[in-house]
There are 4 protein chains.
Amino acid sequence: MSVEPALSRNERKKAELRREIIDAAFEAFAERGYHATGIADIAARLGIGHGTFYRYFENKRDIVDHVVSATIERIVGALTAENAPGAVDTLEGYRAQSVRIADALAEIITSDPRVPRMLVIEAPGVDPEMANRVLDFFDLAADLNAAYLSHGVERGYLRPGLDVVNTARAINGMILAAAIDGIRRPGVDHQRELSAAIIGVMFDGISRSM
Amino acid sequence: MSVEPALSRNERKKAELRREIIDAAFEAFAERGYHATGIADIAARLGIGHGTFYRYFENKRDIVDHVVSATIERIVGALTAENAPGAVDTLEGYRAQSVRIADALAEIITSDPRVPRMLVIEAPGVDPEMANRVLDFFDLAADLNAAYLSHGVERGYLRPGLDVVNTARAINGMILAAAIDGIRRPGVDHQRELSAAIIGVMFDGISRSM
Amino acid sequence: MSVEPALSRNERKKAELRREIIDAAFEAFAERGYHATGIADIAARLGIGHGTFYRYFENKRDIVDHVVSATIERIVGALTAENAPGAVDTLEGYRAQSVRIADALAEIITSDPRVPRMLVIEAPGVDPEMANRVLDFFDLAADLNAAYLSHGVERGYLRPGLDVVNTARAINGMILAAAIDGIRRPGVDHQRELSAAIIGVMFDGISRSM
Amino acid sequence: MSVEPALSRNERKKAELRREIIDAAFEAFAERGYHATGIADIAARLGIGHGTFYRYFENKRDIVDHVVSATIERIVGALTAENAPGAVDTLEGYRAQSVRIADALAEIITSDPRVPRMLVIEAPGVDPEMANRVLDFFDLAADLNAAYLSHGVERGYLRPGLDVVNTARAINGMILAAAIDGIRRPGVDHQRELSAAIIGVMFDGISRSM
DNA sequence: TATGAATGAGGCTTCATTCAT
DNA sequence: GATGAATGAAGCCTCATTCAT
């Protein structure tokens, strides 16, 4: 028995349109830029009156917040799906998990390069508050990374004494590089190669082993 | 004896004001954002009439181009100063050079966090063309990195068979991470720690050495 | 049964406002001059916001084009109403037709002297393109005149060997003189006298008949 | 012995530059239009600083006044040169004089079509006051015409009872037509043909003589 | 509930004019 | 006297937002 509040037909339709508006705004912002996009552009993509927009969202600033939230959720969702945090206890396990995460990210990036574009190119320029949200997200990702690293150090398969916080930020930067790369070079194969290089650096560094 | 083309007093003053306008615009864009900054804001910072602005720059788009150029030059200048490309032939030499480069970057970032803010937060959101300029700059940095890596592979102090192009991009991402980190956490000490972590990952990876 | 495409109430109101804007612009341009008139002036005459103007016309240049078009149509409409081209075959018939045309013109000019003012004073100074439109209109009128003259020469009631093209231009000039005269001296009676003088010169010249 | 106040070398140079500024302004106004021409444009044509302009003329409105005055004087000068008002006492004499006047006008118009352009296209659109000046000039020309006609009626070689005032305006219009024609079709030969047609209408009308 | 007509704050840009050098 | 750097009034236009239908 479902205990969720049943949505009336009307409510379902409203929610659906709301989602469509977010999607249309995402497309418009990613393609033309936030500042160059008008509310009318978004409405026109859906064939609705632009007055209708204001029945679903407060204002332009409101929609971009939802668009960015949806974009972040898309990424987070993909990652947590492939992800059992703390479920690995060996170097190989961690490496395999890293590959899975990288693949999941590559999938998002290559299937829709507007995702990294929105997050890296458009969102930070919206206004200082939004820039902070994006930076917060980066920090959050770094925190998550750091947790993995701590786990690895504790378990002994990562270097003892590793500066987990800053190393996490460094690794985070490589992931960001992959995202940015996907904006301009969206092929899956290429993204895989880049992932491999990232994981190579991450685990082994670039020095010739002696 | 100076052989430089002597600038008249007038020309010197014009060049000076031009530079001041670029600086004021840099400040305004970094602090309030490009789109939230009006020409009048820039002029007001200098106590000049806003009409004067248009004697020095074509329009708002023109000034941001110059601001970004100046910002990029600031970075490039700092790097090339510390930089003898291809002048190292050992792992330790490369590592030391990497430290010097990292220090130079840290110096820029911590001495003026508006530099990374302008490049990473504001510039990409100006318009698609500017976003491309920034992405071009990232690509250029990656190309430079790749050249270093190639040199190291040839000389034998870096891992044979290294995917230099993609590895360069990965390393580039870590540098970007440092830049972004500097936006929010501008202390020199912290930046040094982050640099150390980056160089640690870069050369040795995170795996426990056997 | 009306077969005309039924305009919705909304469409009718829009078309009506559009017409009112053209009228207000006509008034403003005729009274203050095109360059001295601001969009805000036009809007203020109608008690609408100046933003509303831009819902109906592209820009200032657009509205003056429509104003001039409407002005030309007003003249052309009045003339073609009184006008059966080629329907006369005698000198007296042509003279009578000329009188009718002159009366129609006099009616327009005296009922609204802003019509000649717009066409002769304001429009040419808008920009070179508009000046060309006005000159084109004069040329068109001359062409029409020439057709009448040709007809008369063929039918034999006008002088054989008449240089119809240039004579048409000369007559055109007399009509223009009437228009200009109407700008400053708009009385109907006066306009009639001028028309009579024009037709006198046109048909008989000024020489004492022998 | 000259009793005219001798101009110092300096004063002569000033007067010369003054004339050059008027000429340059004439060119600029005729070619680009009054409103589209900036003071800087005029100064640039002469290679002088635009601040210098204000040492010779009060403001932009001032210079166009002088330009129009010079233009009118150019016409009046050419006409009065060929012109002995009241010196003819026969129809043929008047006709010959009319031809001479027409030739003089044709000479001005074809040698510099910017003259009619300035007077008919540009000047009226400057502002209402300038429009009045132009209309005044037309009226003056009509008055002059009327004087000739009166003389002819008195002497008996023009039609008795002629409405000299309005007929003068009609003839004036034909002259205006020639001026306008010269704007677009500046050939001397063509202008001569048009003059002939005008004089033909003026003296004989278009009716077939019985 | 959906619409789009109306609005006007806001921002960019031009250019005639001034005035210190 | 000549210059051109500086100025800011003025005007065009956009577009987010409101609200009557």
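To find a chain, count down the sequence lines: A is the first, B the second, and so on, and within it residues start at 1.
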B/S/- contact track for nucleotides 16-21 of chain E, protein heavy atom under 4.0 Å
SBB---
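Listed by chain and residue number, nothing satisfies the salt bridge (Lys or Arg N to Asp or Glu O under 4.0 Å) test with D:Asp23 (two or more places apart in sequence, or in another chain). The ring-ring contact (aromatic ring centres under 6.0 Å, His included) search around D:Phe29 returns D:Tyr34, not counting sequence neighbours. With sequence neighbours excluded, no residue forms a side-chain hydrogen bond (donor to acceptor under 3.5 Å, both in side chains) with B:Asn59. Evaluation of the side chain to side chain contact (heavy atoms under 4.5 Å, CB included) rule for B:Ala28 yields B:Thr37, B:Ile42, B:Arg45 as partners, not counting sequence neighbours. Under the side chain to side chain contact (heavy atoms under 4.5 Å, CB included) criterion, A:Ala70 pairs with A:Arg19, A:Ile22, sequence neighbours left out. B:Thr52 is linked by a side-chain hydrogen bond (donor to acceptor under 3.5 Å, both in side chains) to nothing, counting only residues two or more places apart in sequence or in another chain. Under the side-chain hydrogen bond (donor to acceptor under 3.5 Å, both in side chains) criterion, D:Asp127 pairs with D:Arg61, not counting sequence neighbours. C:Arg114 is linked by a salt bridge (Lys or Arg N to Asp or Glu O under 4.0 Å) to C:Glu31, C:Asp112, counting only residues two or more places apart in sequence or in another chain. Remark: D:His66 engages D:Arg18, D:Asp62 in a side-chain hydrogen bond (donor to acceptor under 3.5 Å, both in side chains) (not counting sequence neighbours).
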Per-nucleotide pairing state of DNA chain F [Watson-Crick or G-U, under 3.5 Å; [ ] pseudoknot-crossing; | other strand]:
.||||||||||||||||||||
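Heavy-atom distances under 4.0 Å link DNA chain F to no residue of residues 20-33 of chain C.
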